[in-house]
Amino acid sequence: MFLDCGTALLGWFDQHKRDLPWRRSSDPYGIWVSEIMLQQTRVAAVLEHYSRWMGSFPTVAALAAAEEAEVLALWSGLGYYRRARMLHRAARVLVAEHAGCLPRTSAALRELPGIGAYTAAAVASIAFGEPVAVVDGNVERVVARLLGLPAGAGADRLRAIRAGAQALVSPARPGDSNQAIMELGATVCLPRAPLCLGCPVQPWCRTRGEHPTIARKPLTPRAIAYTLATDTGGRVLLRQRPAEASLMAGMWELPELPAAPPGARVLLRFRHAITVTNYAVSIVALGGATELPGGDAAAGTAERWVPVDELPRLPLTGLARKALRRLGLWPPASVSGSG
DNA sequence: GATCCGTGGGG
DNA sequence: TCCCCAAGGAT
């Protein structure tokens, strides 16, 4: 049963797989980069970052030699910045201890920073042909539906899913098998409304359209205010978040205010959700009733007047970029026609 | 096992 | 506008 099902899956993948840049090369480094970028991130968001990244850091050695600020600047907008730092750190480990090459087994890959069970299996199977199943969110959902397992959690359930996924892996084409089941989850066996009529493994599926989903916890609302300070030289005042911050460490943003001062001139309001918090953002103009908190409030954080056309070189937070874009300062005029 | 870490796009 | 995310890993 699993054999036929796996064969049907591979046949479907050969017909329907998307043309993605990281599928055009067998370079293990490129495959690794793509897998890290794709963690909890949509393909559409990864595409442009991936090409820029590979242009700037085409090899493990090039990445290892880069400054962390360059690495973060190229990652800016993708979120989960810890991924970029760990990728950078792992590249330096590989140069120092592995002649700049990736280990060829999932067990050895698993030892590197930022590589967990999923990514180790993905890189090992796609780049090196190791017949090991990946289990990501797609695989969990697809296999659970195939087996008729109810939605939920638990170690037993996960064991059954791992076993089912492993049984679907073709020893001859493990990388394609893994990508096939993930592709099916991403394009056909959708979380909310699966397209069962177009599903290549529908004959083997015990669920066939039932698709209970688990609701998530609501975000916590919170108000936050930043200030826009510009000078006559076309520069904008930015602040760097502390290196030890848990959220967006080392990234640059507009200076935050303790609260929007009464009577302050509000330039812009918008919403921006970050992980578990739903921010109601206000951007206020500096001057009049508004003053920057001075002295110790900004202790340990760098502050810089940044020429607008240098903004692309800084690792800005997504929230800061969204604000600057709506204020007409991003992208800078000097690069707005080239991207 | 539970929690934390981001974002831009689509329904 | 609002809600829902999406190819996880570390702690």
Side-chain angles (χ1 to χ4, degrees), chain A residues 13 17-18 20-23 31-50 72 75-87 89-90 109-123 125-126 133-142 152-158 165 175-187 189-193 213-221 241 244-251 253 269-281 315-323 325-326 330:
Chain A
F13 183 65
K17 69 177 173 185
R18 291 170 288 183
L20 302 172
W22 45 91
R23 288 180 175 164
I31 291 166
W32 172 35
V33 170
S34 75
E35 289 300 337
I36 300 295
M37 286 189 173
L38 285 163
Q39 289 171 6
Q40 300 291 288
T41 307
R42 295 175 190 282
V43 166
V46 168
L47 285 173
E48 60 180 283
H49 282 88
Y50 180 80
L72 288 176
W75 199 272
S76 174
L78 269 182
Y80 289 129
Y81 298 101
R82 186 184 302 165
R83 293 182 295 176
R85 284 194 203 83
M86 291 191 292
L87 189 55
R89 196 188 318 160
L109 286 162
R110 183 72 178 73
E111 301 301 314
L112 290 167
I115 297 190
Y118 164 78
T119 306
V123 173
S125 64
I126 298 170
V134 301
V135 179
D136 72 334
N138 285 312
V139 174
E140 183 177 339
R141 180 176 64 255
V142 171
D156 287 343
R157 180 174 187 276
L158 201 52
D176 285 343
S177 285
N178 281 329
Q179 293 185 82
I181 191 168
M182 290 190 285
E183 189 95 341
L184 187 76
T187 63
C189 194
L190 302 169
R192 197 161 288 274
T213 55
I214 300 172
R216 308 195 164 199
K217 282 199 300 187
L219 305 185
T220 304
R241 298 174 61 84
E244 65 275 15
S246 68
L247 195 66
M248 300 172 290
M251 307 291 287
E253 61 184 0
R269 293 184 205 276
F270 59 90
R271 269 194 348 90
H272 188 86
I274 298 178
T275 64
V276 296
T277 308
N278 192 11
Y279 291 96
V281 181
L316 297 172
T317 66
L319 197 166
R321 197 147 14 79
K322 182 188 285 190
R325 181 162 55 228
R326 297 191 186 193
W330 176 276

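Labels below follow one simple rule: chain letters A, B, ... track the order of the sequence lines, proteins then strands, and each chain is numbered from 1.
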Starting from [atom2] on [N], measure out to [atom1] on [X] and report it in whole angstrom.
X	N	atom1	atom2	value
A:Ile274	C:dC4	CD1	P	18 Å
A:Arg325	B:dT7	CZ	P	11 Å
A:Leu109	C:dG8	CG	P	17 Å
A:Asn178	C:dG8	CG	P	13 Å
A:Glu111	C:dA10	CD	C1'	14 Å
A:Leu219	C:dT1	CG	C1'	15 Å
A:Glu183	C:dA6	CD	C1'	14 Å
A:Tyr279	B:dG6	OH	C1'	11 Å

A:Thr119: side chain to side chain donor-acceptor pair (under 3.5 Å) partners, not counting sequence neighbours: A:Gln39

A:Arg269: side chain to side chain donor-acceptor pair (under 3.5 Å) partners, not counting sequence neighbours: A:Ser282

Would you list the protein and nucleotides 2-5 of chain B atom pairs, both N or O, that sit under 3.5 Å from each other?
{"from": "B:dC5", "atom 1": "OP1", "to": "A:Ser246", "atom 2": "OG", "distance (Å)": "2.6"}

Residue closer to the 5' end of DNA chain C, A:Asn278 versus A:Arg18 (nearest nucleotide): A:Asn278

Residue met sooner reading DNA chain C from 5', once A:Pro113 and A:Ser34 are mapped to nucleotides: A:Ser34

Salt bridge (charged side-chain N to carboxylate O under 4.0 Å, His left out) partners for A:Glu140, two or more places apart: A:Arg157

Residues in salt bridge (charged side-chain N to carboxylate O under 4.0 Å, His left out) contact with A:Arg271, at least two apart in sequence or another chain: none

A:Trp22: partners by ring pair (Phe, Tyr, Trp, His ring centres under 6.0 Å), with sequence neighbours left out: A:Tyr50

Phosphate OP1/OP2 of B:dT7: any A:His272 side-chain N/O under 4.0 Å: yes

Phosphate OP1/OP2 of C:dC3 contacted by A:Arg192 side-chain N/O (<4.0 Å): no

Any residue meeting side-chain contact (heavy atoms from CB on, under 4.5 Å) with A:Ala280, in chain and number order, not counting sequence neighbours: none

Residues that A:Tyr279 engages under side-chain contact (heavy atoms from CB on, under 4.5 Å), provided they are two or more places apart: A:Arg222, A:Ile224, A:Leu247, A:Ile274, A:Thr277, A:Val281

Test item: A:Arg82 side-chain N/O and A:Gly114 main-chain N/O as donor-acceptor pair under 3.5 Å: no

Under 3.5 Å donor-acceptor, A:Asn178 side chain and A:Val134 backbone: yes

Any N/O donor-acceptor pair, A:Thr41 side-chain to B:dG6 base, under 3.5 Å: yes

Counting the atoms with a prime plus P, OP1 and OP2 as sugar-phosphate, which does [X] contact under 4.0 Å by heavy atoms, base, sugar-phosphate, or nothing?
X	result
A:Thr317	sugar-phosphate
A:Leu78	base
A:Arg269	nothing
A:Ala117	sugar-phosphate

Output one line per pair: protein atom, nucleotide atom from nucleotides 9-11 of chain B, and distance, for all N/O pairs under 3.5 Å.
{"from": "B:dG9", "atom 1": "N2", "to": "A:Arg42", "atom 2": "NH2", "distance (Å)": "3.4"}

Options C:dG9, B:dG1, B:dG6, nucleotide nearest the side-chain atoms of A:Gln39: C:dG9

Euclidean distance for P, C:dC3 against B:dG6 (whole angstrom): 23 Å

Under 3.5 Å side-chain donor-acceptor pair for A:Thr41 and A:Arg83: yes

A:Gly154 or A:Gly77, whichever maps to the more 5' nucleotide of DNA chain B: A:Gly154

